[in-house]
Each structure stands twice: as C-alpha cells, then as structure tokens.
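Following: one structure in structure tokens, then a few remarks.
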Amino acid sequence: MASQRRKAREEFFDRLDQLDDLSDSETQLDTSSGAKDALRPDSTRRSTRSKSVKPSLQKAASSPQVLTAPVPPVTLLPAASAPGRPTASLKRARSDAVPPSSKLKRNAKRKQETVVPAQALIFPPEMCFLFVPNRGLTSLQQSQIDEAEKHGARLAAEFSKNVTHIVVDSNWTLSQALEELPDKCHPTGITMVNWTWVVESLLYGLRDSDQHRFRVKGATGTTSLHQTSSTDKRPAPSTDHDLMVAEPKQRNVGQTTPQKNGRAASEADPELSRNETDKNAQTDDQDELDLLQKEMDKNDPAIEDLMEHDPSSKFEGNYVIEQSSNGNLEHGSFSCMNKNERNRSSSNPNQVTIRLLNQMAEIYDANTADQWRARAFKQAASALARQKELVATEEQAAKIRGIGASIAPKIEEIVTKGRLARLDEANNDPLHKTRVLFSRVYGVGGAQAAAWVAAGYTTLDDLKRYVGLTPNQRIGIEHFDDFETRIPRAEVVQHGLIVDHALKQTDQELKMYIGGSFRRGSPDSGDIDILITKEGAGMEQIQTVVMDTLIPQLKQQGFIVAELASGHWTDKETPSKWMGASVLPGQSIWRRLDILFVPWEELGAALIYWTGNDFFNRSLRLLASRKKMRLNQHGL
DNA sequence: GCCC
DNA sequence: CAGTACG
DNA sequence: GGGCCGCTACTG
C-alpha cells in the first residue's frame, strides 16, 4: 500500500517534470541549493498530516526542474545578493527616491470610470479612417465599422491625404496591409493601428494608439507609417521599461489617453523609451538589476545547462504521454499542464473581451452566492488570454474549453458591439456598483459588501464614518488606491532588497525569495510576496526570527507601516505567514507585503504555492487529488 | 457557468 | 464558526 | 446533478 502510494507520487513528479509551465517562456531555473528534496511533507511537525505521508521522495529529489521552480531573469535569490550590495542599493533607494508624493498619489487615483454613454462621440472629426482591408469585409467587421461611424468615425473610401488613421485587420501583418495601399503613400504622420484599437475605443473611449496591443502585426517598433516627424513624444506610460520581460501587462484599465493627431511613435528603440520612462520612475535600478542578473548567472552555472534544452523537447523522445493507471485524466484538461504562452498581455487581440469577462466575474464575486459563476467567468477570460487570434464569433468561442453556452454568445456580443448588455445593466445599477466597490476593499468580501449596501451605505466615506470597521478594513479603505496600484517590477526588487538586507543582519544563512507574479516574470505586480527559509531550519525557528527580529526592525526603520495579519501561537500551530504593508523610503504609496515562513523541508512545495498563479495552483492541486493525492503549500 |  | 485572504 | 484547491492561514 505504502509502496503503491510512493509509486503514484513518483508518477506525479514525472508529470511535473514535463511541466514547463510555471515558467513564462523566458524562464530560467532557480537552482539554489536546498529546494532539491524539499517537496516533502514535514512528517515530524504535524501529527495530523504525517501519518499518511511517507517522506521518501528520492524521485522528487532527482527532478530539479520540478522542485526548483523556474525564476524570471532577475530574481532576488539569496545567492544573488552578495554581501554589500544590499547596503548599496538600500542607500540608493533612500537617496534617489522621488520625494514628492503628489505624482504617485495622482497615479493611484486613476480608476475605471469605464463605460461611455452609448451615443457619445468617440472619434473626433479631424480623424479619418482607412480600414484595411477595405472591401470583402466580414459581417462582423462591417458591423464594427458601422458602430464606429455612429460614434463619429469618418471613413475614407481609399487612401488620400485626409486619412489620419489606417486600421488594419488584427490578423493581418504590416506587409500584407502595405500591399493594399498605393505604392507611394508618403504622407507622414499617419497612425497605423490594428482593429482592436477601434473596438476598444468604442468601449472605453479613445484609446492611446501607441500602446503595444494596438500595433499592427509585424510592425516592430512604430505605429506610424514612415518615419514621421515626431511631434510630442513621450512614450506611452506602459511601455516596457522593465527589464527583459516580453511585454508589460496591460494595466491602465479604462484609462483614456487623449489621442493627439499626427502622433508619431518612438517605440522603435525600446532602449530609448525605457530610459525615458525610467526617468519618471522612482529609481534607475536597471543596472543594478542587470548586475544581480549577472551575479546570479555566475552563481548558478546550472542555469545554463537547464536552458540548453528546449523545454518542449521534453515532450518528445522517450516520454509517452500518460499511461497512468488512473484512467484518462490528462486530456489537457488541466491548465497546469500547459505552457504559459505569455500572450496575455498587451498584445492579445482579445484584450477587451478578457477585461469585460473579468468585470463580470468581479460582479459575481461581490456576491457570495455566485462564487462558482465568478470562477467560470475568470476561467473563460483566462482561456481567452491563451488564444493567439481574436475570438470573434460564438462558434469560435464555444470551441474553447472553459467557454460554454452562456459565455460564448457574450463574447460575440462584446466583439461586435464593443459592450456587454449584462455588464452595462449591472453598472447602471448603483447598488450593484456599490457592492462591487465595497468588496474591493481589503478585508471586505461579498457578504460584508452586501450587508453594507443593504444598510444603505453608498460611499467609502460612509463606511469610514458610520460603520464599525475592523482594523484591516480601515486600512483597506484608507489605502484603497494604494493597494490597487500596480507595482513596477523594479520597485518589487527594492522592497525585496530591504527585507533581504534586514534579514542578513540577523542571520546570514536566512534565505529569501520573491514569489508571486514577480517570480513568474511579470513586469508589474499587485503585491510583494516574500518567502523566507533557512537551510535545516524548522517553522518555529523561521517564525521566531521573522516575528521577533525582522518585523520589528523593519517597522522601526519605517519600512513596514501596517500589519494586517500575523499569526498567533497555539498549542499545535506556529504562525506561518505575515501580511502587511510596506513603503519605500521617501515614497508614500503603501504596498501590500506578504511574507511566508517556510521550513526548509517544505521549500519545494512552498515555492510552487508561492509562485502560483492561483489558477495554476488550483489546477495542480486538482490534478493531484484526481490521483488520490493532496497537494498544499506544505507538501504532497 | 462549465464540465464530467 | 463564517468570512476573507494567499498563491 | 455534483464538483469546482487547500484536512491552506488569519481574524473576530
């Protein structure tokens, strides 16, 4: 029996071996020592758990790909932060920090005022559009053009001087599009965008055509035809000023940037725009990151080895796709088996649809009774994010796993009309809106939000004044904007460096990893996830160090500004995480900071958990359970 | 709401 | 315990 | 028609 179970577990790890997921394409592997045999439940610590689990995980130990989850190019590994560096960077963080908070505050203010009144003029009269292709349009395209016309779009029948915008079918490449145009269309200053730009503009108001996802396929750096004389030129706010990560995530939801006529592009040279944007950012730790990167490579020669194999090749060769004894579980129905295509960000043609579906999810999420419906919407959105092409029709949509009879037509509705009636409906209902708003506060969920709405409160201010808030909720309201503001990758690193520095002062052996979306390679994150462990250490030891030394010290230096949840000791349980907020020296935005205490024995499982994302974790855990095993952050 |  | 949170 | 992640952790 026990050996059977062990065998099953080994198979599970074999499968895991094949997961080149987790990684987002440009993966590198974290080979930092101890993760090796770490995905093992700590059989000594918890009696409840231990009896069913045998810790022999040799197989796991020999599968470094699995247990040492991949890290993005720049990661704050213990090894990477050589003594001395953190000090230096800490100093820099202090002195270079942008003093005035006003800008940041304002930044935090932007919120989604999304929905534009149906009849409003979206496209100013000075704009003139040429659609490519110009004839032989699908009915879908035609209806979108009609819709655009209703909102003020002027159309050109053919290329002429008057044309200010060339709108190219999202599936067309630049060269295809150019063939449709007269040989010599030299007028400069014409903006080239893909179809998505129009659809999104219809929905959210005029979009900034500089954004990556509006680029015509195959147009490498510029959205303009020819080398236009750049008029104004500041790169769009969301260009990749963040290391080598492919594309920054689209994050300015519903924000409308006024479109200037004859706007030219400057994205041809990413270096350039990055440097430019960095000036606006709070720090220039680009070089520092590069340095960290180099150190890391040096310290982890194994990275090279691992990177040599094309991950996909692991699926060929000697591996037979699943002949598991557990029936046919693996039809690809587990998203944890899919590689992350990193297609979700700005370049995804389904951007709009994804956003609306997520908004639907948010609405149902604010409603306790509908958590499963919310989940379905999120999963549908996530499925769409994996598509490379625009999904425009109900038929197309219905083919995708995770999208069914109810959501498929909604997708078509979104793409054709640029809006979703059900969503508008909800947004027009103030009670509904308020509930969604309330539930966005940290510490407030569907139940509480519903109760408050029922009690007649309508603003966050009401809550502050009249309601008995928990301490956490008060903080959540007080820093509502802060907590919804995305954190640039570079800033995540700075928070990490500060923690690491404090950590090393207590004990050089303590190790720290930054997890979450940072570890998955995202250009920005919603919060900062830190994992702390130490070779050979147990939960108690880590917990003690963190709670007795690290946290007090960070508080004292003004870095930690709030404590939302730290655990309490009981007879059986040692607290295992700390949640709170931190602020970079000289700045004013509070950032959510989560710290996970991890016994060395559990590092593997903890890294899986702390790296996520949540869909991945749920999928992987579901997979485990189908195989009669359970996976959590402590082990398998 | 989707999937088995 | 229910509610909320974490990935 | 039942399951959808976790014998997850923390708060009140």
Side-chain angles (χ1 to χ4, degrees), chain A residues 22 41 46-53 69 327-329 331 333-334 336 357 360-361 364-366 368 370-383 398 400-410 422 439 441-451 468-473 476 483 515-520 525-531 539 563-570 572-580 592-597 602 605-626 629-636:
Chain A
L22 279 179
R46 296 194 176 187
S47 50
T48 44
R49 210 168 47 231
S50 57
K51 74 166 129 359
S52 61
V53 208
N328 20 338
L329 306 169
H331 293 325
S333 49
F334 288 91
C336 63
L357 291 181
M360 287 296 291
Y364 288 117
D365 235 346
T368 8
D370 272 331
Q371 52 161 315
W372 300 119
R373 197 170 274 114
R375 176 184 181 273
F377 273 101
K378 278 185 241 170
Q379 288 206 304
S382 157
I400 301 169
R401 137 174 299 279
I403 298 174
S406 170
I407 293 185
K410 289 190 174 70
R422 292 275 280 128
S439 68
V441 173
Y442 183 90
V444 180
Q448 189 59 263
L469 299 168
T470 69
N472 286 358
Q473 290 165 346
F483 291 165
S517 54
F518 178 90
R519 196 160 194 270
R520 298 196 303 272
S525 303
D527 64 2
I528 299 144
D529 305 298
I530 285 179
L531 182 160
M539 180 70 90
E563 198 159 76
L564 296 165
S566 46
H568 53 278
W569 286 84
T570 67
K572 321 195 52 147
E573 304 286 334
T574 305
S576 62
K577 71 168 149 187
W578 179 95
M579 304 198 293
R592 285 275 298 103
L593 178 68
D594 292 336
I595 301 177
L596 191 69
F597 318 149
E602 299 179 1
L607 274 174
I608 291 177
Y609 163 60
W610 210 233
T611 302
N613 60 16
D614 53 348
F615 281 118
F616 177 84
N617 283 341
R618 291 168 77 147
S619 176
L620 193 64
R621 289 172 183 202
L622 183 64
L623 174 59
S625 74
R626 287 286 152 74
M629 289 173 276
R630 320 300 311 264
L631 176 68
N632 62 23
Q633 58 267 54
H634 299 294
L636 182 73

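Values below: all heavy atoms of this structure, side chains included; hydrogens, waters and symmetry mates excluded. The sequence lines fix the lettering, A, B, ..., with proteins before strands; numbering per chain opens at 1.
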Rounded off to whole Å, could you give me the [atom1]-to-[atom2] distance for the [X] and [N] pair?
| X | N | atom1 | atom2 | result |
| --- | --- | --- | --- | --- |
| A/N613 | D/dC5 | CG | P | 13 Å |
| A/E602 | D/dT8 | CD | P | 13 Å |
| A/L623 | D/dC4 | CG | P | 14 Å |
| A/I595 | D/dA9 | CD1 | P | 18 Å |
| A/Y442 | C/dA5 | OH | P | 7 Å |
| A/W610 | D/dA9 | CH2 | P | 12 Å |
| A/L636 | D/dG6 | CG | P | 11 Å |
| A/D365 | C/dG3 | CG | P | 15 Å |

field: Nucleotide pairing, DNA chain C (Watson-Crick or G-U, distances under 3.5 Å), in dot-bracket with [ ] and |
entry: |||||||
task: Could you pick out which residue, A/F597 or A/R375, lies toward the 5' side of DNA chain D when each is mapped onto its nearest nucleotide?
output: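 Nearer the 5' end of the strand: A/R375.
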Between [M] and [N], how far apart are the [atom1] atoms? Round to whole Å, please.
| N | M | atom1 | answer |
| --- | --- | --- | --- |
| C/dC6 | D/dG3 | P | 28 Å |
| B/dG1 | D/dT8 | C1' | 25 Å |
| C/dA5 | D/dG6 | C1' | 13 Å |

Does [X] reach a base, just sugar-phosphate, or nothing at all? Heavy atoms under 4.0 Å.
| X | value |
| --- | --- |
| A/F615 | nothing |
| A/A624 | nothing |
| A/I403 | sugar-phosphate |
| A/S566 | sugar-phosphate |
| A/N472 | nothing |
| A/Q379 | nothing |

Please pick, from [options], the nucleotide with the shortest atom-to-atom distance to any side-chain atom of [X].
| X | options | answer |
| --- | --- | --- |
| A/F377 | C/dG7, B/dG1, D/dG6 | B/dG1 |
| A/R618 | C/dC6, B/dG1, D/dC5 | D/dC5 |
| A/R520 | B/dG1, D/dC4, C/dG7 | C/dG7 |
| A/Q448 | B/dG1, D/dC10, C/dT4 | C/dT4 |
| A/R401 | B/dG1, C/dT4, B/dC4 | B/dC4 |
| A/K577 | C/dC6, B/dG1, D/dC5 | C/dC6 |
| A/S576 | D/dA9, C/dG3, C/dG7 | D/dA9 |
| A/N617 | B/dG1, D/dT8, C/dG7 | C/dG7 |
| A/Q633 | C/dG7, D/dC4, D/dG6 | D/dG6 |

Verify the contact: side-chain N or O of [X] to OP1 or OP2 of [N], cut-off strictly under 4.0 Å; return yes or no.
| X | N | value |
| --- | --- | --- |
| A/R592 | C/dC6 | yes |
| A/R630 | D/dG6 | yes |
| A/R626 | D/dC5 | no |
| A/H568 | D/dA9 | no |

With A/W610 via side-chain hydrogen bond (donor to acceptor under 3.5 Å, both in side chains) - residues at least two apart: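 Counting only residues at least two positions away or on another chain, A/W610 forms no side-chain hydrogen bond (donor to acceptor under 3.5 Å, both in side chains).
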query: Among all residues two or more places apart in sequence or in another chain, which pass the side-chain hydrogen bond (donor to acceptor under 3.5 Å, both in side chains) test with A/S625?
result: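 Checked A/S625 against side-chain hydrogen bond (donor to acceptor under 3.5 Å, both in side chains); zero matches.
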- prompt: Is A/Y609 stacked on the base of D/dT8, with ring centres under 5.5 Å apart and planes under 30° apart?
  reply: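 It does not: the two rings, one from A/Y609 and one from D/dT8, miss the stacking criterion.
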What pairs of donor and acceptor atoms, side-chain ones from residues 441-451 of chain A against any protein atom, are under 3.5 angstrom apart with sequence neighbours left out?
unit_1 : atom_1 : unit_2 : atom_2 : d
A/Q448 : OE1    : A/W452 : NE1    : 3.1

task: Ignoring hydrogens and angles, tell me if any N or O in the side chain of A/S619 forms a donor-acceptor pair with the backbone of A/C336 under 3.5 Å.
output: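 At least one qualifying donor-acceptor pair exists.
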message: Is it the case that the base of D/dG6 and the side chain of A/R621 share a donor-acceptor contact (distance under 3.5 Å, atom types as modelled)?
response: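 Such a pair exists between side chain and base.
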query: Is A/N632 side chain donor-acceptor paired with the D/dG6 base, going by distance under 3.5 Å alone?
result: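 Between D/dG6 and A/N632, which were checked side chain against base, a qualifying N/O pair under 3.5 Å is absent.
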Pairing residues for A/F597 by the ring-ring contact (aromatic ring centres under 6.0 Å, His included) criterion, not counting sequence neighbours: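 Per chain and number, A/F597 pairs via ring-ring contact (aromatic ring centres under 6.0 Å, His included) with no residue.
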Test side-chain contact (heavy atoms from CB on, under 4.5 Å) applied to A/K577 - qualifying residues, sequence neighbours left out: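 Expected list: A/M579, A/L596, A/Y609.
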- prompt: Which residue, A/T611, A/I595, A/D594, forms the side chain to side chain contact (heavy atoms under 4.5 Å, CB included) with A/D529?
  reply: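 Per the side chain to side chain contact (heavy atoms under 4.5 Å, CB included) rule, the option paired with A/D529 is A/D594, out of A/T611, A/I595, A/D594.
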- request: I would like to know whether A/R519 and A/L607 meet side-chain contact (heavy atoms from CB on, under 4.5 Å); could you show each step before the answer?
  value: CA-CA 10 Å; A/R519 196 160 194 270; A/L607 274 174; 3.7 Å; yes
- request: Mind running side-chain contact (heavy atoms from CB on, under 4.5 Å) on A/I407 and A/F377 for me, showing each step along the way?
  value: CA-CA 8 Å; A/I407 293 185; A/F377 273 101; 3.8 Å; yes
query: Are side-chain heavy atoms of A/F483 and A/D527 found at a separation under 4.5 Å?
result: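 Of all side-chain heavy-atom pairs linking A/D527 with A/F483, none is under 4.5 Å.
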